[in-house]
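One structure is given here, and the rest of the page talks about it.
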Amino acid sequence: MVGLKPSDVPPTMAVKFLGAGTAACFADLLTFPLDTAKVRLQIQGENQAAQTARLVQYRGVLGTILTMVRTEGPCSPYNGLVAGLQRQMSFASIRIGLYDSVKQVYTPKGVDNSSLTTRILAGCTTGAMAVTCAQPTDVVKVRFQASIHLGPSGSDRKYSGTMDAYRTIAREEGVRGLWKDNFPCHFVSAFGAGFCATVVASPVDVVKTRYMNSPPGQYLSPLDCMIKMVAQEGPTAFYKGFTPSFLRLGSWNVVMFVTYEQLKRALMKVQMLRECPF
């Protein structure tokens, strides 16, 4: 490896795994308020939030964030950040960090370039693995983002912290409560990008948010959630939170992948220096 630059050396699986997770966390730190605003707008109008909705109304991305800061404090747009970072370290590390390795498994021996089918299979496999591992963190993240606390003391909080949320959900709803059935929702959201992806994924994402945030028994399934939402609020409910979702998706991907490339180079440089110190 003497004389080679970090960009010339293929990154190891450990480098890709750590780099993807770290880059995703950095992107989440910058875009998390947009994600929280999206969740608040998506659940607005739901029956269980009707009493709070009479006290707090959200309008637009900036209006939602400003209302949260005014009524709940400056840190409120970052409710659920710990669970969000835990999600990115597990979800992005697997989905992106393991993609190339899984793709090689599906690629026939002696073939240099992977076919479209192979890439789709690899994407589906890592996506399914990532969703399975990261699902509990996403449920907790949404619960924190959706909870509205108007009292200054925070005594009305259902969960005292992230770990308490995991324990409480598992105790009150069973371990399966941390794995609410939303694979199609996450699958669409995870592989989408840009405006077109937001148009396609927004209805599924709204259903995902409401279903994750619902208490046991409110909805029988994601399909039941969708039907009730349309019946009570009309089809436009599928696009609640569209603007922050689009803004976050675009900015998150730009920050994440730019950071990921730089981290890969930095980690490979460190690895090369350890192997060849002189």
Side-chain angles (χ1 to χ4, degrees), residues 28 32 34-53 58 64 79-81 83-84 86-88 90-91 95 127-148 158-159 162 165-192 197-246 248-249:
D28 232 34
F32 203 81
L34 292 173
D35 192 38
T36 304
K38 178 203 73 172
V39 169
R40 292 294 179 93
L41 288 168
Q42 286 178 337
I43 64 171
Q44 186 165 249
E46 194 175 23
N47 282 344
Q48 73 171 78
Q51 185 175 359
T52 306
Y58 303 117
T64 299
N79 285 344
L81 177 63
Q86 291 172 348
R87 177 184 182 274
Q88 294 304 339
S90 55
F91 186 83
R95 183 171 66 91
M129 292 167 60
V131 168
T132 301
C133 294
Q135 183 67 9
T137 62
D138 204 16
V139 172
V140 171
K141 177 181 76 76
V142 169
R143 295 285 178 92
F144 272 103
Q145 289 176 314
S147 60
I148 300 174
K158 184 174 182 179
Y159 311 118
T162 304
Y166 289 119
R167 289 191 295 266
T168 303
I169 293 173
R171 183 177 65 250
E172 295 181 354
E173 305 175 37
V175 177
R176 291 183 60 185
L178 292 169
W179 272 274
K180 283 198 169 184
D181 179 19
N182 76 324
F183 175 77
C185 313
H186 255 296
F187 184 82
V188 174
S189 299
F191 289 92
T198 309
V199 171
V200 174
S202 184
V204 187
D205 194 37
V206 174
V207 173
K208 179 206 76 170
T209 297
R210 295 209 176 180
Y211 190 67
M212 279 185 169
N213 189 54
S214 65
Q218 182 175 358
Y219 302 118
L220 300 177
S221 66
L223 179 61
D224 179 55
C225 177
M226 180 185 71
I227 293 173
K228 287 181 178 178
M229 189 169 67
V230 173
Q232 295 168 3
E233 303 171 54
T236 56
F238 284 126
Y239 287 94
K240 287 189 173 184
F242 179 87
T243 302
S245 181
F246 169 57
R248 181 181 184 273
L249 184 61

Between N79 and R40, is the side-chain contact (heavy atoms from CB on, under 4.5 Å) condition met? List the steps. CA-CA 11 Å; N79 285 344; R40 292 294 179 93; 3.9 Å; yes
Gap between atom SG of C225 and atom CD of Q218 - 0.5 Å precision: 7.5 Å
Excluding sequence neighbours, so at least two apart, what forms side-chain hydrogen bond (donor to acceptor under 3.5 Å, both in side chains) with K240? E233
Partner of P244 under side chain to side chain contact (heavy atoms under 4.5 Å, CB included), chosen from V39, T36, L41: L41
T168: what forms a side-chain contact (heavy atoms from CB on, under 4.5 Å) with it, not counting sequence neighbours? Y159, D164, R171, E172
What distance separates D138 CG from Q145 CD, expressed to the nearest 0.5 Å? 8.5 Å
Which residues pass the side-chain hydrogen bond (donor to acceptor under 3.5 Å, both in side chains) test with T64, not counting sequence neighbours? none
Is the closest basic N to carboxylate O distance between K141 and D35 below 4.0 Å? yes
Evaluation steps, side-chain contact (heavy atoms from CB on, under 4.5 Å), between I169 and R143: CA-CA 10 Å; I169 293 173; R143 295 285 178 92; 3.7 Å; yes
Nearest heavy atoms of V207 and P222, plus distance in Å: CG1-O, 3.5 Å
My understanding is that only residues two or more places apart in sequence, or in another chain, count here; which of them pass side-chain contact (heavy atoms from CB on, under 4.5 Å) with L223? S221, M226, I227
T137 and F91, any side-chain heavy atoms less than 4.5 Å apart: no
Distance (rounded to the nearest 0.5 Å) between F144 CZ and L81 CG: 11.0 Å
Could you walk me through whether V206 and Y239 pass side-chain contact (heavy atoms from CB on, under 4.5 Å), step by step? CA-CA 7 Å; V206 174; Y239 287 94; over 6 Å; no
Kindly determine whether V139 and Y166 satisfy side-chain contact (heavy atoms from CB on, under 4.5 Å), including the steps that lead there. CA-CA 9 Å; V139 172; Y166 289 119; over 6 Å; no
When rounded to the nearest 0.5 angstrom, what distance separates OH in Y219 from CZ in R210? 5.5 Å
Taking side-chain hydrogen bond (donor to acceptor under 3.5 Å, both in side chains) as the definition, give me every residue that meets it alongside T209, ordered by chain and number, with sequence neighbours left out. Q42
Output for pair (Q135 CD, S90 OG), nearest 0.5 Å, gives 10.5 Å
CG of L34 to CZ of F32: how many Å apart, nearest 0.5 Å? 11.0 Å
Is any side-chain heavy atom of K38 less than 4.5 Å from a side-chain heavy atom of D205? yes
